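First comes the structure, then the notes that go with it.
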Amino acid sequence: MIRTALTALLSHWLRNPVQLAMLLAGLALATALWSGVQALNAEARAAYATAEGLLSDGGTAQIEHPSGQIDLAQFVALRRAGWQVSPVLEGRAEIGATRVTVLGIEPLTAPAGTGPTLAEPDLEGFFEGLGYAHPQTLREIGPTEMPLAPAEAVPVGTVLVDIRRAQRLLDAGLYITRMTLAQEQPQGLAPLESLAPDLRLVPPGDGAELGGLTASFHLNLTAFGLLAFAVGLFIVHSAVGLAFEQRRAMFRTLRALGLPLRHLTACLATEMVVFALIAGSAGLVLGYALAAALLPDVALTLRGLYGAPVPGALQFNPLWALAGLGMTLAGTGLAGAQALWRLWHMPPLAPARPRAWAMASRRAMRRQGLAALALAAMALGLALWGSGLLAGFALLAAVLLAAALAVPLLLALILRMAERRATTPVAEWFWADSRQNLPRLSLALMALMLALAANIGVGTMVASFRATFIDWLDLRLVAEVNVMPRNSAEAAELQAFLAPRTDAILPMQRIDATLAGQPGQVYAMKDHATFRDNWPLFAPVPDVWDRLAAGEGVLVNEQLYRRAGLRAGSDTLDLPGIGAMPVLGAYPDYGNPLAQAVLALERFNAAYPDTPIRQFAIRTSDAPALIAALQDDFGLPQGQITDQAQAKELSMAIFERTFLITRALNVLTLAVAAVALFAALVTLSGMRLAQLAPLWALGLTARELAALELGRALVLGALTLLLALPVGLALAQVLLAIINVQAFGWRLPLQLFPGDWARLGLWAMLAVLAAAALPAWRLWRRGPSQLLRVFAHER
Amino acid sequence: MNVKLVIPLLLALASPAAPQGFAGLGTSAEGFAIPERGRALSFPEDHGPHPEYRIEWWYLTAVLTGEDGQEYGVQWTLFRSALAPEEAEGWDSPQVWMGHAGLTTREAHFSAERFGRGGIGQAGVETAPFSAWIDDWHMTSRAGDGQDAFDHLEVVARGAEFGFALDFIAEGPLVLQGDQGYSVKSPAGQASYYYSQPFFRVSGTLDLPDGPVTVSGQGWLDREWSSQPLAEDQAGWDWVSLIFEDGHRMMGFQLRGAQTFTAGTWITPEGGATPLPDGAVQFTPLQHTRINGREVPTHWRIDWEDGGLSITTEPLNPHSWMDLSVSYWEGPLRFSGTHSGRGYLEMTGY
């Protein structure tokens with residue numbers, strides 16, 4: 001009996017292959033987007049773990065100097081006092097075609113159990129200069145004379161070498177970057193404070209916190225994945241619901257033949273699980289492909305924005321696949337629950353007449369309206385009193401859901417108004433019929449509205465950011481040439497060389513410090529018109545630049561300003577070795593995850609003597625001549641010189657990469673919404689024949705009917721787009737004023753880009769047209785015989 | 001870097017070929033100097049390092065008795081291993097240093113190791129004034145003017161659970177092993193330069209988990225350098241230094257290979273040395289101890305027929321295993337039979 005029942009149930013899909021395809025496509029798309037995003041997140045997190053294992057040596061404590069440099073003699077002195085420490089020399093250098101992080105270690109003293117586990121280490125080669133790098137890094141480096149071997153365990157963008165080799169590559173003097181501390185230490189060691197008071201011991205896990213810094217980025221991705229998943233579930237819900245309605249007669253027959261309700265429900269549930277597994281597996285394959293396609297951009301974003309080394313190649317993780325399938329099953333359950341619940345409560349011999357499966361009764365409408373109002377109230381509450389990134393995303397979700405729920409109500413209102421103004425019978429019929437069919441399309445239209453609003457919101461956010469960023473970059477990158485000295489001797493020589501040839505030399509010095517409990521950096525700033533004239537400040541105290549130059553206080557970046565809730569003029573900031581300094585103002589610092597404070601150069605050097613100069617920003621009226629002089633007369637390698645254009649190009653490239661993934665997901669979400677609309681229209685068209693046949697009989701041609709159908713889809717799409725516009729702008733405002741501030745620490749002004757909306761509108765209309773084309777075409781091609789048959793089969 | 005990398009270090013340093021023999025000591029010596037018979041050793045220069053040779057060590061042992069009446073043994077060794085036959089400043093130095101320290105009690109055996117690169121000052125040996133060091137471990141001469149640097153040495157080492165600070169005062173002359181310091185190691189003629197100071201009176205303090213113990217006793221220093229002391233088929237050695245109750249000393253070793261090769265030196269209380277040729281001394285294992293899955297012969301009979309010597313040795317602690325990156329057995333012993341006394345046993349390649 002059960003087998004017969006199953007066969008009967010499944011025969012429905014054989015007769016409605018498009019419906020089956022929609023169901024499977026919806027499930028597969030939802031799974032693909034969700035699991036693809038999860039795969040990206042997992043890959044990035046795994047890369048952070050690798051990087052932290054190598055760069056900060058995971059569970060190993062470190063010894064550091066605020067300046068980032070330690071005399072080699074201090075390492076030897078600590079060793080000779082019994083401290084089991086190992087030197088690390090790290091820096092950036094050009095190898096082959098790219099710049100990499102050179103990580104020099106001393107394998108004899110490196111603490112056991114840290115660092116990458118190399119499959120087949122060639123230790124003798126390592127001593128003689130062999131470097132290990134990720135295969136992707138090797139490809140980026142290209143042909144080079146330096147001996148290199150592949151090692152997956154080394155983070156992307158890093159070359160692991162013996163410290164001797166690192167010293168050569170970095171042209172470093174007798175200094176190191178930091179020391180790692182072995183877990184086992186001899187008994188009775190003299191304390192570090194008495195041996196080297198200027199060094200500090202950093203406990204394990206306190207180093208690079210890539211996971212923390214990038215959390216907001218991943219939350220962003222996850223939110224997008226979830227949105228896409230939800231949109232995908234709309235498709236599933238409509239397909240499942242429709243199949244349920246169409247099989248009502250079959251259910252009644254099966255029940256009448258004696259199939260227990262329990263068994264029928266189980267059959268339907270099994271059917272759904274099987275579909276979920278099939279479509280979920282396909283979705284996983286798609287998701288994997290999607291993640292593999294997007295990963296290079298995500299990797300570049302993370303590297304550019306946070307310096308997090310993420311490889312561009314995807315690994316397959318079975319856990320990820322299982323989690324994806326689980327999500328698909330849960331989503332299918334959610335989408336199918338309503339159908340099963342109704343089946344369970346259906347009287348065995350209920351009339352088999354198909355009803356509108358999403359009832360458009362007044363009560364249902366009122367309930368939906370109330371839910372939308374409640375969500376809107378919640379969004380308001382969150383906007384007023386919520387704090388934190390999660391509250392920000394909850395606010396986003398509430399705004400989107402409230403708007404989505406309100407869409408059918410508002411559309412019904414608009415259609416009713418249009419109906420009243422209609423003057424011809426066909427027009428009146430058109431509006432009334434559109435309103436009549438609205439409930440059946442409402443889910444798809446809600447999905448479309450969500451996708452459009454997300455598109456407008458994210459697009460506006462990105463474009464606003466971009467505009468602000470370009471203006472800021474122009475002000476920030478005023479120095480015509482930047483030069484990076486490799487060591488302090490070279491810095492001194494460069495300064496002497498540059499002095500007579502330039503208008504101003506602005507040295508860049510910094511120390512690492514904890515600022516208001518956050519990882520951060522203190523920079524030195526020379527008092528110069530370059531900064532006075534160009535740096536935009538918020539809320540500066542009067543005479544801010546004079547007071548800064550006098551060493552009376554600090555400027556802080558916007559991230560620190562907002563996160564620590566500082567107020568210029570009244571609050572102070574504790575600096576290491578100095579103590580409380582008044583906050584004089586804040587400056588925008590886009591793209592930097594760290595807290596930052598700026599101190600007058602003289603005050604900086606008094607507090608932190610011997611801090612190496614990392615870069616000179618140079619003002620000159622003839623940049624090409626200066627660059628030529630630096631290269632030819634001074635002999636500085638090209639890799640150490642950046643001109644203004646290069647710097648801007650680099651920053652913009654990083655910026656563009658940052659939102660590439662966002663845009664890609666945006667487009668995909670819109671595509672899913674189009675599929676949802678297509679699914680709804682295709683299924684609807686099958687049921688509408690009975691409603692259209694009378695019109696045909698009254699004299700409208702099939703061609704006119706098809707055009708009307710197409711027109712109706714376009715009108716509904718356009719109305720949805722209109723409704724999506726304010727929702728999208730609200731979304732952009734939430735993203736700019738709440739999410740960005742929480743995630744990155746900067747707030748940006750909202751700017752409007754009508755051109756982008758027009759482009760989006762065009763795309764959306766094309767998507768709607770594409771979705772409506774097939775049903776309309778089928779209607780047009782239906783012969784009179786099929787339309788006639790409607791009357792023959794009059795129910 | 002992973003400890004797995006460090007372990008094969010000494011094996012890998014010498015040659016890209018597969019490791020052979022103990023700690024790579026049985027591999028070829030291209031580019032490095034080879035010991036020559038007849039070269040007279042000269043001091044204090046030869047107390048210092050010989051970077052043109054591949055391997056070298058400064059190796060001290062002491063058999064000690066505490067004021068608590070307990071017996072102890074101490075070992076302090078600094079090894080030098082060269083990637084290239086030269087010395088250079090900074091990280092360019094091809095010299096690699098390794099320190100081993102051991103402390104044996106009847107119940108326990110402690111060991112620790114240190115690694116370091118040459119050229120930067122973390123480890124090395126200087127001749128005038130004499131000092132050999134790695135990290136805070138050191139063997140520093142406290143000898144007065146006109147004395148040999150090894151006449152008075154201060155020796156310090158510590159690990160996570162133990163430490164020692166001992167004074168070594170020589171009560172006899174340096175002794176050249178083999179043919180005036182040219183010590184043959186195989187029938188094929190592999191050899192090293194090898195001399196000893198076997199006449200130390202030792203005093204000082206041991207730091208043990210239960211607290212410090214004042215100790216006194218006798219010590220022995222070996223200096224040896226070469227570029228390839230073992231033949232390729234030789235897998236390891238058994239070596240003893242014996243301090244007789246009547247004041248004599250004896251050094252003996254056997255190198256285990258296709259053929260066993262033995263050598264030794266009989267030393268009078270005044271420092272007169274008689275080399276004992278291959279085959280003169282017989283080593284017979286009497287009892288094995290299972291350590292980390294290895295069968296290690298910890299009890300021996302040693303016979304020197306021409307000298308009328310037949311003794312059996314008994315370790316203070318049969319588990320004197322130096323469980324380090326390069327592992328071996330090394331610990332104090334007592335011997336009895338035709339003669340009696342105390343000594344040190346080192347066994348490698350098990």
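Everything numeric here is computed off the predicted structure, so don't read it as measured data. Every chain is numbered from 1, with letters handed out A, B, ... down the list of sequences.
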Distance-minimising heavy-atom pair for Q187(A) and A160(B)
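Q187(A) and A160(B) have their closest heavy atoms at CB-O, 3.9 Å.
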Name the option with the most non-hydrogen atom pairs under 4.5 Å to chain B; the candidates are Q185(A), E184(A), R165(A), Q84(A).
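Sorted descending by pairs with chain B, the first entry is Q84(A).
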Do any pairs count as a salt bridge (Lys or Arg N to Asp or Glu O under 4.0 Å) and have a residue in residues 102-115 of chain B, sequence neighbours left out, and if so which ones?
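Residue pairs with at least one partner in residues 102-115 of chain B: R114(B)-D135(B).
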Rounded distance [0.5 Å steps], CD in E106(A) versus CD1 in I120(B):
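Reported value, rounded in 0.5 Å steps: 7.0 Å.
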Can you tell me how far CH2 of W91(B) sits from CG of L72(A), rounded to the nearest 0.5 angstrom?
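Rounded to the nearest 0.5 Å, the CG-CH2 separation comes to 5.5 Å.
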Sort L78(A) into side chain, backbone, both or neither according to what part of it lies under 4.5 angstrom from a heavy atom of chain B.
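Neither part.
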Flag side-chain contact, heavy atom, 4.5 Å: R117(B) against F127(A)
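They are in contact (side-chain heavy atoms under 4.5 Å apart), so the answer is yes.
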Quick check: does any side chain N or O of R158(B) sit under 3.5 Å from a backbone N or O of G188(A), one acting as donor and the other as acceptor?
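Pair found, side chain donor or acceptor close to backbone of G188(A).
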Take a 6.0 Å sphere around CD1 of I291(B) and say whether it holds more than 12 heavy atoms from other residues, nucleotides or ligands.
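Yes, CD1 of I291(B) has more than 12 neighbouring heavy atoms, counting only those of other groups under 6.0 Å.
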Below 4.5 Å, heavy-atom pairs only: which of W137(B), F162(B), W97(B) has the largest tally toward chain A?
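Sorted descending by pairs with chain A, the first entry is F162(B).
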What residues of residues 205-214 of chain B make heavy-atom contacts with chain A at a cutoff under 4.5 angstrom?
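Within residues 205-214 of chain B, the residues under 4.5 Å from chain A are D207(B).
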